[in-house]
**Student:** 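First the structure, which I've put down as structure tokens, then a few questions once you've had a look.
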Amino acid sequence: MADTQLLTHHRVGIAFSGGSVRGFAHLGAWEVLQQHGIRPHCVSGASVGSIFAVLVAAGLSAREIYERARTLNWRRLARPTFPWHLGLFTLTPLEHVIEELLGGPLTFADLPIPCALMAFDIEKEEMVILREGPVARAVRASCAVPGIFSPVRWQGRLLADGGIVRNMPVHVLREMGATLTIGIDLMPPTRRPQRVRTLVGMIRIAMYTLVRMTHEIDPPDVLIQPDIREFDFVRFSQRDALIARGREAARAVLPVLQSHLTSHLTI
């Protein structure tokens, strides 16, 4: 689909949103983009999107990511904290898994493709963009959902999940020089009003809505939004179905992407 000459006139940036286990839909979308010749100039990510962002930034193909990530489960990524300290679980195991997937303890400077990850400074109540230092620890910080996973100390800051402040970080792609932005959104709006039945359900709906609101701050030029509303956020058994939905959504926007490639040539 993507003409080499067209791509040379564009700096494509891809933003991978948060969405927990729904993140496998990113893999399906990336597979289609890669098959059609899309090579990102830069990438960004928040929460689970940070994992896919760094793997793409490291130059891994969709097949390589699938082969390395197909055995992942919660036991490999997190463990309970006792006594509890600012979280029920720690993502220290995730940090080690990222290093394994990347082939070592890389820094952002080691990545072939520029990459930026979102985090939230809990104490200063501000957004933090991570672009330097150890990649695996930055991913751990970006994935640390407050109250569930322990936050991460980083250069004097206490960092948590970046999806709180910018769940689909498109703005940073433009700051990194992208002239055409693609956003992969794993938090699509629900089809119908949600019925509140429990306190936990109310909190979940409120958090989902708040995270969705951050998408609208700086929308991408091309939006890939897999239809994954019926999928929950915790079951790894859904991975293949999520990958398939990611493929479908990416294929659906190929005409839109082609239009942008041909109508926004830089002179």
Side-chain angles (χ1 to χ4, degrees), residues 10-20 23 26-27 29-30 33-34 38-60 65 91 94-95 98-99 101-102 104-122 124-145 149 151-187 211 214-224:
H10 289 276
R11 294 180 177 178
V12 178
I14 305 176
F16 296 86
S17 87
S20 192
H26 282 316
L27 182 52
W30 169 233
L33 293 175
Q34 190 176 46
I38 300 300
R39 297 183 297 278
H41 165 78
C42 56
V43 294
S44 65
S47 200
V48 71
S50 69
I51 298 175
F52 287 87
V54 300
L55 295 179
V56 170
L60 272 65
I65 294 174
L91 288 174
L94 169 63
E95 194 171 337
I98 295 300
E99 290 184 351
L101 294 174
L102 294 176
L106 304 185
T107 67
F108 281 88
D110 297 319
L111 299 175
I113 297 173
C115 177
L117 307 183
M118 303 306 299
F120 176 66
D121 187 323
I122 297 174
K124 296 182 179 179
E125 300 181 2
E126 62 185 22
M127 178 173 63
V128 178
I129 300 174
L130 303 176
R131 296 182 58 182
E132 298 177 343
V135 171
R137 192 164 184 82
V139 169
R140 176 183 163 193
S142 187
C143 291
V145 179
F149 301 116
V152 176
R153 283 289 176 189
W154 179 286
Q155 299 177 1
R157 294 177 177 269
L158 190 63
L159 302 184
D161 193 329
I164 297 172
V165 286
R166 204 61 64 90
N167 195 50
M168 190 168 59
V170 174
H171 73 294
V172 71
L173 297 175
R174 297 192 174 104
E175 293 172 4
M176 296 165 72
T179 58
L180 175 61
T181 58
I182 301 171
I184 308 174
D185 175 16
L186 305 187
M187 303 283 277
V211 168
T214 71
H215 288 11
E216 301 171 4
I217 296 173
D218 193 2
D221 298 313
V222 178
L223 176 64
I224 298 175

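Each residue takes its place number in the sequence, starting with 1.
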**Student:** Please enumerate all residues that pass salt bridge (Lys or Arg N to Asp or Glu O under 4.0 Å) together with E99, with sequence neighbours excluded.
**Tutor:**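 For E99, no residue satisfies salt bridge (Lys or Arg N to Asp or Glu O under 4.0 Å) once neighbours in sequence are set aside.
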
**Student:** If you compare all heavy atoms of V170 against all heavy atoms of P219, which two are closest, and at what distance to 0.1 Å?
**Tutor:** CG1-O, 4.1 Å

**Student:** Measure the spacing between CD of E126 and CG of D121 and express it to the nearest 0.5 Å.
**Tutor:** 5.5 Å

**Student:** Should the heavy atoms of other residues, nucleotides or ligands under 6.0 Å from CD of E132 be counted, would the total exceed 12?
**Tutor:**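 Counting other residues, nucleotides and ligands, CD of E132 stays at 12 neighbours or fewer.
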
**Student:** With side chain to side chain contact (heavy atoms under 4.5 Å, CB included) as the criterion, how do I14 and W30 come out once you've worked through the C-alpha distance, each side chain's angles and the decisive distance to 0.1 Å?
**Tutor:** CA-CA 9 Å; I14 305 176; W30 169 233; 4.0 Å; yes

**Student:** Walk me through it: do M118 and I129 pass the test side chain to side chain contact (heavy atoms under 4.5 Å, CB included)?
**Tutor:** CA-CA 5 Å; M118 303 306 299; I129 300 174; 4.1 Å; yes

**Student:** Ignoring hydrogens and angles, tell me if any N or O in the side chain of S142 forms a donor-acceptor pair with the backbone of S47 under 3.5 Å.
**Tutor:**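 Flag set: sc S142 to bb S47 pair under 3.5 Å.
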
**Student:** Just to verify, what does L111 make a side-chain contact (heavy atoms from CB on, under 4.5 Å) with, not counting sequence neighbours?
**Tutor:** A57, A58, L106, F108, C115, V135

**Student:** What's the shortest heavy-atom distance between L117 and A53, and which atoms?
**Tutor:**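 That closest heavy-atom pairing would be CD2-CB, 4.1 Å.
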
**Student:** Which atoms form the tightest heavy-atom contact between L186 and G18, and what is the distance?
**Tutor:** CB-O, 3.6 Å

**Student:** Where is the tightest heavy-atom contact between A119 and L159, given as atom of each residue plus distance?
**Tutor:**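 Scanning both residues, the minimum pair turns out to be CB-CD1, 4.1 Å.
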
**Student:** Quickly, which of V56, V222, I224 forms a side chain to side chain contact (heavy atoms under 4.5 Å, CB included) with L33? Name it, please.
**Tutor:**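 Testing L33 for a side chain to side chain contact (heavy atoms under 4.5 Å, CB included) against V56, V222, I224 leaves exactly one candidate, I224.
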
**Student:** Would you call the rings of F16 and F52 parallel, tilted or perpendicular if under 30° counts as parallel and over 60° as perpendicular?
**Tutor:**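 Taking F52 first and then F16, their aromatic rings lie parallel (interplane angle under 30°).
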
**Student:** Nearest 0.5 Å please: distance from the CG atom of D221 over to the CZ atom of R174.
**Tutor:** 5.0 Å

**Student:** Just verifying a value: how many Å separate L27 CG and I51 CD1, rounded to the nearest 0.5 Å?
**Tutor:**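 Spacing of CG (L27) from CD1 (I51) equals 12.0 Å.
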
**Student:** Report the C-alpha distance between V152 and E95 in whole Å, list the side-chain angles of each, state the deciding distance to 0.1 Å, and finish with yes or no for side chain to side chain contact (heavy atoms under 4.5 Å, CB included).
**Tutor:** CA-CA 11 Å; V152 176; E95 194 171 337; 6.0 Å; no

**Student:** To the nearest 0.5 Å, tell me how far M127 CE sits from I164 CD1.
**Tutor:** 12.5 Å

**Student:** Looking only at heavy atoms, what is the nearest atom pair of V43 and M176, with distance?
**Tutor:** O-CE, 4.0 Å

**Student:** Within the 4.5 Å heavy-atom criterion, are L130 and W154 side-chain neighbours or not?
**Tutor:**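 Yes, at least one pair of side-chain atoms sits under 4.5 Å.
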
**Student:** Which pair of non-hydrogen atoms, one from T179 and one from H10, has the smallest distance, and what is that distance?
**Tutor:** OG1-CA, 3.5 Å

**Student:** Please round to the nearest 0.5 Å and tell me the distance separating atom OG of S17 and atom CG of L223.
**Tutor:**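 S17 OG to L223 CG: 9.5 Å, rounded to 0.5 Å.
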
**Student:** For the CG atom of D218 and the CG atom of L173, what is their distance to the nearest 0.5 Å?
**Tutor:** 9.0 Å

**Student:** Only pairs at least two apart or in different chains count here, so list each side chain to side chain donor-acceptor pair (under 3.5 Å) that has a residue in residues 111-120.
**Tutor:**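 The answer is none; no pair qualifies.
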
**Student:** Please determine whether side chain to side chain contact (heavy atoms under 4.5 Å, CB included) holds for the pair L158 and R153, giving the CA-CA distance in whole Å, both sets of side-chain angles, and the decisive distance to 0.1 Å.
**Tutor:** CA-CA 5 Å; L158 190 63; R153 283 289 176 189; 3.6 Å; yes

